[in-house]
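Here's the structure, in structure tokens; my notes come after.
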Amino acid sequence: MFNRICLLFTLIFASAYAENKEKEVRFKANFKVLSFNPDIQDLGYLEEKELRFVNINQDIISSDFLYFGKPEIEFVKIITPKPPPSELELSVETRQNAEKKLEQISDQYNKLNLQLRKINESIGNQERQPNSSELLIINEINNSMQLLAEKISKAETELANAHGNYLRNLEKAPKIETNKKKDNLKKENIPPPYEPLAKFTIPVSGGNYILIFNKTPNGVTISPLNDAPGVFPFGSYQFINLTGTTVELRFGSKVIPLNPNGRTVFKPETANGEYLEGEFWTKVDDEFKLGYKF
């Protein structure tokens with residue numbers, strides 16, 4: 001009898017735990033994403049420990065995503081591991097550096113040579129001997145050119161060695177067949193590493209949202225816009241204030257104040273086919289100044 005009671009208690013406890021655990025993750029939301037900054041690449045979000053990929057484009061609202069999981073949608077930055085450079089890649093970089101070094105030294109040499117020619121042409125046109133100050137400059141230029149000539153010779157040797165090393169590594173580089181590349185990709189089912197980027201807490205009621213991503217000095221922030229049917233009806237404008245100061249929306253005689261991080265929906269009374277004129281006024285030094293007009 002004691003064993004039956006224990007078994008029954010265990011079953012009830014396990015059922016309650018499973019029910020609570022299930023309730024803990026039964027959050028549902030539809031969302032779209034948008035970025036105020038350049039496109040955010042290599043992005044994803046976690047759902048039931050599964051990594052789902054998403055691209056956030058600048059000023060373009062994405063298609064719908066359906067989330068079902070924990071109360072917080074965790075957006076993450078996917079880390080693409082970079083393999084160490086091969087001997088061939090290192091030799092290419094070495095050769096490029098040697099080419100750049102030789103080009104820079106040769107450029108300095110050519111500039112001094114041009115300067116020396118101009119001085120000699122000026123003296124020759126006047127059919128005279130160089131004076132003491134000109135002789136000093138000519139000697140300085142000749143000495144500098146001699147040093148640069150030595151550096152050019154050394155740089156040419158370095159470039160020749162680097163090119164030879166590149167050719168040797170090119171011959172040794174393994175040839176990977178295309179089919180093997182595809183097979184290796186198919187075997188890689190392990191999710192890539194990632195790091196936290198931003199979070200959005202879903203209200204208990206769920207809902208539909210446009211998640212606006214904004215890069216700040218302190219990281220990436222998410223500003224959610226309610227996108228439920230009827231909240232932002234056709235023919236209306238939705239405004240969100242991310243300026244950090246108070247803004248006034250002025251449409252003729254109608255003035256709509258908008259505090260920092262505030263949002264509002266405005267449906268103009270203009271008839272179909274007519275223009276809407278509006279202005280954004282920003283509060284600066286205790287007075288409002290015109291910021292934008294459309």
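- Taking each heavy atom of Ile73 and Ile202 in turn, the nearest pair found is CG1-CD1, 3.7 Å.
- At least one side-chain heavy atom of Leu170 sits under 4.5 Å from a side-chain heavy atom of Leu88.
- Here the CG atom belonging to Asn57 is positioned 9.0 Å from the CG atom belonging to Leu34, to the nearest 0.5 angstrom.
- Residue Gln129 places its CD atom among 12 or fewer non-hydrogen atoms of other residues, nucleotides or ligands, all under 6.0 Å distant.
- The environment of Gln146 atom CD is sparse: at most 12 non-hydrogen atoms of other residues, nucleotides or ligands sit within 6.0 angstrom.
- Exactly one residue among Lys70, Lys28, Arg52 makes a salt bridge (charged side-chain N to carboxylate O under 4.0 Å, His left out) with Glu47. That residue is Arg52.
- Applying the ring-ring contact (aromatic ring centres under 6.0 Å, His included) criterion to Tyr166, with sequence neighbours excluded, gives no partner residue.
- Between the CD atom of Gln96 and the NZ atom of Lys100 there is a distance of 10.0 Å, given to the nearest 0.5 Å.
- The environment of NZ in Lys151 is sparse: at most 12 heavy-atom neighbours from other residues, nucleotides or ligands sit within 6.0 Å.
- Taking hydrophobic clusters as Ile, Leu, Val, Met, Phe, Trp and Tyr residues chained together by side-chain heavy-atom distances below 4.5 Å, Leu147 does not share a cluster with Leu136.
- Shortest non-hydrogen contact noted between Lys289 and Val284 is CD-CB, 4.4 Å.
- For Phe280 and Phe294, the gap between ring centers is short of 6.0 Å.
- With no hydrogens or angles considered, a side-chain donor-acceptor pair links Ser133 and Asn131 at under 3.5 Å.
- Under a cut-off of 6.0 angstrom, the local environment of CD in Glu150 is crowded, with over 12 non-hydrogen atoms contributed by other residues, nucleotides or ligands.
- Rounded to the nearest 0.5 Å, atoms CD (Glu134) and CD1 (Ile141) are 10.5 Å apart.
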Inset, instruction - Give the C-alpha distance, both sets of side-chain angles, the deciding distance and a yes or no for side chain to side chain contact (heavy atoms under 4.5 Å, CB included) between Ile138 and Leu116. - result: CA-CA 7 Å; Ile138 291 172; Leu116 183 60; 3.9 Å; yes
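- In terms of modelled atom types and a separation under 3.5 Å, the side chain of Asn110 and the main chain of Leu114 share no donor-acceptor contact.
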Legend entry - side chain to side chain contact (heavy atoms under 4.5 Å, CB included) between Lys111 and Gln115, worked out: CA-CA 6 Å; Lys111 287 180 179 178; Gln115 184 180 353; over 6 Å; no
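- For Arg117, the CZ atom counts as loosely surrounded, since its 6.0 Å shell holds 12 or fewer non-hydrogen atoms of other residues, nucleotides or ligands.
- Both Leu159 and Ile152 are part of a single hydrophobic cluster, where members link through side-chain heavy atoms under 4.5 Å apart.
- Within a 6.0 Å sphere centred on CD of Glu72, other residues, nucleotides and ligands contribute more than 12 heavy atoms.
- A donor-acceptor contact shorter than 3.5 Å is absent between the side chain of Thr270 and the backbone of Tyr275.
- At a threshold of 4.5 Å between non-hydrogen side-chain atoms, the residues Ile222 and Lys199 do not count as touching.
- Here the straight-line distance linking atom CG of Asp107 with atom CG of Leu112 works out to 10.0 Å at 0.5 Å rounding.
- When all heavy atoms are compared, the tightest approach of Gln238 to Phe232 is NE2-CD2, 3.2 Å.
- Atom CD of Glu269 is surrounded by 12 or fewer heavy atoms from other residues, nucleotides or ligands within 6.0 Å.
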Legend entry - Residue pair Tyr194, Leu46: steps toward the side chain to side chain contact (heavy atoms under 4.5 Å, CB included) verdict: CA-CA 10 Å; Tyr194 53 83; Leu46 300 178; 3.7 Å; yes
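- Ring geometry, Tyr45 versus Phe75: the interplanar angle falls from 30° to 60°, so the pair is classed tilted.
- Checking Asn120, Ile123, Ile119 one by one against Pro130, the side chain to side chain contact (heavy atoms under 4.5 Å, CB included) holds for a single residue, Ile123.
- Taking OH of Tyr292 as the reference point, atom CH2 of Trp281 lies at 15.5 Å (rounded to 0.5 Å).
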Legend entry - Residue pair Phe68, Leu66: steps toward the side chain to side chain contact (heavy atoms under 4.5 Å, CB included) verdict: CA-CA 7 Å; Phe68 193 68; Leu66 175 62; 5.6 Å; no
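- Checking side-chain atoms of Ser91 against main-chain N and O of Asn165 turns up no donor-acceptor pair under 3.5 Å.
- The environment of CZ in Phe266 is crowded: more than 12 heavy-atom neighbours from other residues, nucleotides or ligands sit within 6.0 Å.
- A continuous path of Ile, Leu, Val, Met, Phe, Trp and Tyr side chains, each step under 4.5 Å between heavy atoms, connects Val247 with Leu276, placing both in one hydrophobic cluster.
- When all heavy atoms of Pro229 and Asn208 are compared, the closest pair comes out as CD-ND2, 4.0 Å.
- Atoms CG and OG1, on Asn259 and Thr246 in that order, are 5.0 Å from each other to the nearest 0.5 Å.
- Cluster membership check: Met145 shares its hydrophobic cluster with Ile137, using side-chain heavy-atom separations under 4.5 Å among Ile, Leu, Val, Met, Phe, Trp and Tyr.
- Remark: side-chain polar atoms of Thr157 are paired, donor with acceptor, to backbone N or O of Ser153 under 3.5 angstrom.
- Using a 4.5 Å heavy-atom cutoff, the side chains of Glu171 and Leu167 are not in contact.
- When the side chains of ILVMFWY residues are joined at heavy-atom separations under 4.5 Å, either directly or via intervening members, Val231 and Ile210 end up in two distinct hydrophobic clusters.
- The closest side-chain heavy-atom distance from Ile240 to Ser223 is below 4.5 Å.
- Across every non-hydrogen atom of Tyr209 and Pro224, the tightest pair is CD2-CB, 4.3 Å.
- Aromatic ring centroids of Phe31 and Phe65 lie under 6.0 Å apart.
- Heavy-atom minimum distance, Pro268 versus Gly235: CD-O, 3.6 Å.
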